[in-house]
**Student:** 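This is the structure I want to talk about, given as C-alpha cells.
In what follows, every chain begins at residue 1, and chains take the letters A, B, ... in the order their sequences are listed. Being a predicted model, the structure only gives us computed values, none of them experimental.
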Amino acid sequence: MLQQTPVVRVLPVWHEWLKRWPTPAGLAGEPAGEAVRSWGRLGYPRRALRLHAAATAIVQDHRGEVPDTYAELLALPGVGSYTAAAVAAFAYGRRETVVDTNIRRVHARLVSGVALPAPALTEAEMRLAAALLPDHDETSVRWNAAVMELGALVCTARAPKCAACPVRDSCAWLAAGEPPPSYVPKGQSWHGTDRQVRGAVLAVLRLAEAPVPPDMFQREPADLGFAPEGIGVPLAALHRLNSAPEQLGRALAGLLADGLAEMHDGGYRLPA
DNA sequence: AACACGTGGGC
DNA sequence: TGCCCAAGTGT
C-alpha cells in the first residue's frame with residue numbers, strides 16, 4: 001500500500017484490511033475483486049490484485065506465513081527490491097539494504113552533495129547504501145528507519161527543513177551551497193490520458209453490484225432511460241471526461257488484460 | 001531502459 | 001490553478 005503512496009493516506013485503509021483479513025489465508029480465501037474493491041481510492045489498484053496474489057502464494061508456498069528472507073519475499077507478486085528489503089528488515093530484524101525514495105534523497109544530498117537522486121535507482125546508489133549500512137543487525141534496522149524518517153520529515157523533496165536537520169553540519173549539499181537539481185523531473189501527465197479513463201471506469205466497477213454493460217460506459221446517463229443503481233455518480237464522472245470511443249476501448253481492454261476487470265453476462269465487473 | 005500505472009494533499 | 005510528488009513494480 002505504501003508503494004508510491006503517502007503513509008497518512010494508507011493508514012485508514014490498512015487498518016480496515018487488517019481487521020477484515022488478519023492473515024494471508026483470509027485474503028487469499030476471497031475473490032480478487034474484493035481486494036480491489038476494498039482498495040478504495042488508494043490508487044494503483046493493480047497493487048490490490050498483486051497483494052491478493054501474494055497472499056495466495058504465501059498460503060500455497062509458505063504455509064500461510066509471510067516468508068522472512070529477501071529472496072523469498074522478492075519472489076512474491078508485487079514485491080520488488082524495496083518491499084522485500086523493508087519487510088525482511090522491519091518485520092524480521094534482518095540486515096538489509098533498504099532503499100526507498102526518502103533514503104535515496106538523503107544520500108543524494110548528505111553524501112553526494114546533489115539536490116536530487118538520479119531519475120531511476122542506480123547500482124551506484126545501491127553500493128553507497130550498502131556501504132553506509134551498519135554491520136550489527138539491530139543497528140542496521142534502526143539505521144534504515146532513521147534515514148527513511150529523516151527523508152520523510154526533514155530532508156523532504158520540496159522545502160527541506162535544513163534549519164531543523166540534526167545532521168546539517170555534515171551535509172555535502174548544504175556545504176556546496178545548495179546547488180539546484182541538474183535535471184528537471186518528468187511530470188506525470190494526467191488530464192486526458194488513458195490512466196484517467198481507467199481510473200474513472202474502475203471507480204464505476206468498484207461500486208457496481210452487477211456486471212456493467214458496455215453501453216453504460218459509452219452512452220450518456222440520460223440516454224439510458226433509467227438511473228443506474230448505485231453507480232450514478234462515478235458514471236457521470238466518467239461521461240464528463242468525454243473520452244473518445246477508442247480511448248474508452250483501450251481503457252477497458254487494458255483493465256481486462258491486467259486482470260482488474262472481467263466479462264460476465266455481457267458486462268464488466270471486478271474479478272471473481 | 002523507458003514507460004505505464006491512480007489518487008489526493010500541499011504549495 | 002495547476003504542478004509536484006508520494007515507503008515502486010512489472011514489462
**Student:** How far does the C1' atom of C:dT1 sit from the matching atom of B:dG8, given to the nearest Å?
**Tutor:** 15 Å
**Student:** Roughly how far apart, to the nearest Å, are B:dA1 and C:dG8 at atom C1'?
**Tutor:** 16 Å
**Student:** Going through the distances and angles, do A:Thr69 and A:Glu72 end up as a side-chain hydrogen bond (donor to acceptor under 3.5 Å, both in side chains)?
**Tutor:** CA-CA 5 Å; A:Thr69 67; A:Glu72 289 173 305; 2.7 Å; yes
**Student:** How many angstroms lie between atom CG of A:Leu260 and atom CG of A:Leu270, to the nearest 0.5 angstrom?
**Tutor:** 8.0 Å
**Student:** Please list residues of residues 194-210 of chain A whose heavy atoms come under 4.0 Å from any atom in DNA chain C, ordered by number; otherwise none.
**Tutor:** none
**Student:** Is there a donor-acceptor contact under 3.5 Å from the side chain of A:Arg95 to the main chain of A:Leu133?
**Tutor:** yes
**Student:** What parts of residues 33-42 of chain A reach DNA chain B, counting only heavy atoms under 4.0 Å away?
**Tutor:** A:Arg41, A:Leu42
**Student:** Are a donor atom and an acceptor atom from the side chains of A:Arg47 and A:Thr5 found within less than 3.5 Å of each other?
**Tutor:** yes
**Student:** For atom C1', what is the distance between C:dC5 and B:dC5, given to the nearest Å?
**Tutor:** 15 Å
**Student:** Using side chain to side chain contact (heavy atoms under 4.5 Å, CB included) as the criterion, list what pairs up with A:Ala124, not counting sequence neighbours.
**Tutor:** A:Thr122, A:Arg127
**Student:** Between A:Arg109 and A:Ala115, is there a donor-acceptor pair closer than 3.5 Å when you use the side chain of the first and the backbone of the second?
**Tutor:** yes
**Student:** Measuring from A:Leu51:CG to A:Trp39:CH2, what's the distance to the nearest 0.5 Å?
**Tutor:** 6.0 Å
**Student:** Do the side-chain N and O atoms of A:Trp21 and A:Glu30 include a donor-acceptor pair separated by under 3.5 angstrom?
**Tutor:** yes
**Student:** If we take the C1' atom in both C:dA7 and B:dC11, what is their distance in whole Å?
**Tutor:** 22 Å
**Student:** Give a yes or no on this: more than 12 heavy atoms of other residues, nucleotides or ligands lie within 6.0 Å of atom CD of A:Glu65.
**Tutor:** no
**Student:** Quick one: CG on A:Leu27 to CZ on A:Arg20, what's the gap to the nearest 0.5 Å?
**Tutor:** 9.0 Å
**Student:** Between the side chains of A:Glu16 and A:Ser38, does any donor sit under 3.5 Å from an acceptor?
**Tutor:** no
**Student:** Quick one: what's the B/S/- string for nucleotides 5-11 of chain C, heavy-atom cutoff under 4.0 Å, read 5' to 3'?
**Tutor:** BBBBSS-
**Student:** Of all nucleotides in DNA chain B with an atom under 4.0 Å from a non-hydrogen atom of chain A, which is the first and which the last going 5' to 3'?
**Tutor:** B:dC3 to B:dG10
**Student:** Can a donor-acceptor pair be found between the side chains of A:Asp194 and A:Gln247 at a distance below 3.5 Å?
**Tutor:** yes
**Student:** Got a sec, which residues hit side chain to side chain contact (heavy atoms under 4.5 Å, CB included) with A:Ala25, two or more places apart in sequence or on another chain?
**Tutor:** A:Thr23, A:Val59
**Student:** Can you tell me how far C1' of C:dG2 sits from NE2 of A:His191, to the nearest Å?
**Tutor:** 8 Å
